[in-house]
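Keep in mind that the numbers below use all heavy atoms, side chains included, and drop hydrogens, waters and symmetry copies. When a residue number appears, it is its place in the shown sequence, counting from 1. Whatever order the structure lists them in is the order used to number ligands and atoms, beginning at 1.
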Amino acid sequence: MDQEKLQQQIRQLAADKGALLIAHNYERDEIQEIADITGDSLALSIEAEKTDKQIIVFCGVHFMAESAAILAPEKTVLLPRADAGCPMADMVTAEGLKALKKQHPDATVVTYVNTSAAVKAESDICCTSSNAISVARSIDAKKLLLVPDRNLGHYIAKQVPEKECILWEGYCPIHDQLKVEEIKQAKEDHPDALFMAHPECRPEILELADHICSTSGMYEFAATNPAKKFIVGTEMGILWRLRKEHPDKVFIMPSRALICPNMKLTGLEDVLRCLQTMEPRITVAEDIRIKAKLALDRMLAVPRD
Ligand code: 13P
Ligand code: SF4
């Protein structure tokens, strides 16, 4: 079946079943095209909780659908590809975190949403790339355990120097491989471009950035900054909406390697099948869900900067 027909069929079935289609900013173009909502991890979790719709088709990776299932257990949360994971989320386990907490009993555990429900359940508060600094500043404790992204951890530690930060040694294999030489080359080729970078990039990359922000922060920066050219320091899926919303602006990828294979797994056939079969469904054991929800709710209660 051709792509347009498949997209129409999905939209029709979603309407018949009363399902909300949501897609992360890194999903394939054809998936973002049919989504009711696209956004960053924080925006999508909030939408999943507040929607009246009872079925959520989450086009993203496992931890994102799990966050929706934690926040809205009464809803049916479907992840079209059960094998869409996040290697960074797999770099920390609940057991590993428990062991680190024992070494630092006076620390508050701040956990990036890119983690399993079991890890969130061992955490005091969650954060995303769009609210990490506000979350860290909202905490009374002097000492923070920042889990699992060491790059986001470095970024928080620099912005919140009054706290002692202990970093977990995890990273995103996609953002972490971006090299200083690639940014310098892109800047040399496009001296009039501004460089916007996701905080999952290494500290030496963030040093070169004109603006550091979440994926949604990049849409906002491109919309509000009068510059005409931007070097994009994140996964290439973000280009679809940037180019659609700003046909007059130029967006440059500094590397060909900024592609997350997990975010590219979900195809239109997967979304259609998942709406037809109502599988795979993501659920979280109630004891873990309650604890993980507390960490997410504390994050959601922090006022935005
Ligand atoms: P955002 O929270 O900016 O959407 O990032 C999620 C993610 O997986 C980045 O790699
Ligand atoms: Fe995980 Fe990185 Fe892919 Fe985001 S881009 S889902 S952090 S592997």
Side-chain angles (χ1 to χ4, degrees), residues 22-28 31-32 35 37-48 58-68 71 79-92 110-116 119-120 126-135 146-153 155-156 168-178 196-202 205-206 209 211-222 232-242 253 255-266 296 299-300 302 304-305:
I22 58 184
H24 187 265
N25 296 325
Y26 296 160
E27 287 290 307
R28 293 191 205 172
I31 299 290
Q32 294 194 49
I37 299 161
T38 59
D40 66 9
S41 321
L42 178 61
L44 296 182
S45 304
I46 294 171
E47 290 295 340
F58 209 122
C59 301
V61 294
H62 192 272
F63 77 81
M64 296 178 177
E66 218 180 34
S67 292
L71 290 170
L79 178 69
R81 286 291 293 249
D83 53 345
C86 169
M88 183 199 319
D90 295 339
M91 290 178 193
V92 56
V110 183
T111 293
Y112 195 25
V113 286
N114 295 39
T115 44
S116 67
V119 167
K120 288 185 180 78
C126 287
C127 72
T128 75
S129 55
S130 59
N131 63 12
I133 306 302
S134 320
V135 165
L146 303 176
V147 183
D149 185 6
R150 62 169 186 229
N151 293 334
L152 181 69
Y155 171 61
I156 297 172
W168 192 271
E169 269 303 308
Y171 59 91
C172 162
I174 316 308
H175 289 83
D176 192 69
Q177 67 186 333
L178 191 56
M196 46 190 188
H198 195 279
E200 287 176 15
C201 296
R202 286 174 172 248
I205 299 289
L206 298 185
H211 190 57
I212 301 167
C213 56
S214 73
T215 50
S216 291
M218 292 190 186
Y219 298 124
E220 204 180 310
F221 187 58
V232 182
T234 196
E235 211 272 352
M236 48 87 71
I238 196 163
L239 291 176
W240 175 74
R241 200 171 125 195
L242 281 174
M253 293 308 291
S255 156
R256 285 170 187 271
L258 286 167
I259 302 176
C260 174
N262 283 283
M263 284 286 185
K264 300 295 176 263
L265 277 178
T266 308
L296 283 170
M299 168 185 87
L300 294 171
V302 173
R304 303 287 299 274
D305 279 342

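Around the OH atom of Tyr171, the shell of radius 6.0 Å holds no more than 12 heavy atoms that belong to other residues, nucleotides or ligands. Dense packing is recorded around CD of Gln177, with more than 12 heavy atoms of other residues, nucleotides or ligands lying under 6.0 Å away.
The tally of protein N/O/S atoms under 2.8 Å from atom 2 (Fe) of ligand 2 stands at 1.
Put simply, the side chain of Asp176 never gets that close to the backbone of Pro173: no donor and acceptor are under 3.5 Å apart. Side-chain atoms of Gln32 never come within 3.5 Å of backbone atoms of Trp240 as a donor-acceptor pair (strictly under, hydrogens ignored). Between the side chain of Ser216 and the main chain of Asp40, a donor-acceptor pair closer than 3.5 Å is present.
Using modelled atom types and a 3.5 Å distance limit, the side chains of Tyr26 and Thr234 yield a donor-acceptor pair.
Minimum heavy-atom separation, Leu79 to Gly60: CD1-O, 3.6 Å.
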What does the contact table look like for ligand 1 (nitrogen or oxygen on each side, cut-off under 3.5 Å)?
| from | atom 1 | to | atom 2 | distance (Å) |
| --- | --- | --- | --- | --- |
| ligand 1 | 2 (O) | Ser41 | OG | 2.8 |
| ligand 1 | 2 (O) | Ser129 | OG | 3.1 |
| ligand 1 | 3 (O) | Ser129 | OG | 2.8 |
| ligand 1 | 3 (O) | His198 | NE2 | 2.9 |
| ligand 1 | 3 (O) | Thr215 | N | 3.0 |
| ligand 1 | 3 (O) | Thr215 | OG1 | 3.3 |
| ligand 1 | 4 (O) | His24 | NE2 | 2.6 |
| ligand 1 | 4 (O) | Ser41 | N | 3.2 |
| ligand 1 | 4 (O) | Ser41 | OG | 3.4 |
| ligand 1 | 4 (O) | Thr215 | OG1 | 3.0 |
| ligand 1 | 5 (O) | His198 | NE2 | 3.4 |
| ligand 1 | 8 (O) | Asn114 | ND2 | 3.2 |
| ligand 1 | 10 (O) | Glu200 | OE1 | 2.8 |
| ligand 1 | 10 (O) | Glu200 | OE2 | 3.2 |

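Atom CZ in Phe221 sits 13.0 Å away from atom OG in Ser214 (nearest 0.5 Å).
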(request) Decide yes or no on side-chain contact (heavy atoms from CB on, under 4.5 Å) for Met88 and Glu200, but give the supporting numbers first. (result) CA-CA 10 Å; Met88 183 199 319; Glu200 287 176 15; 3.7 Å; yes

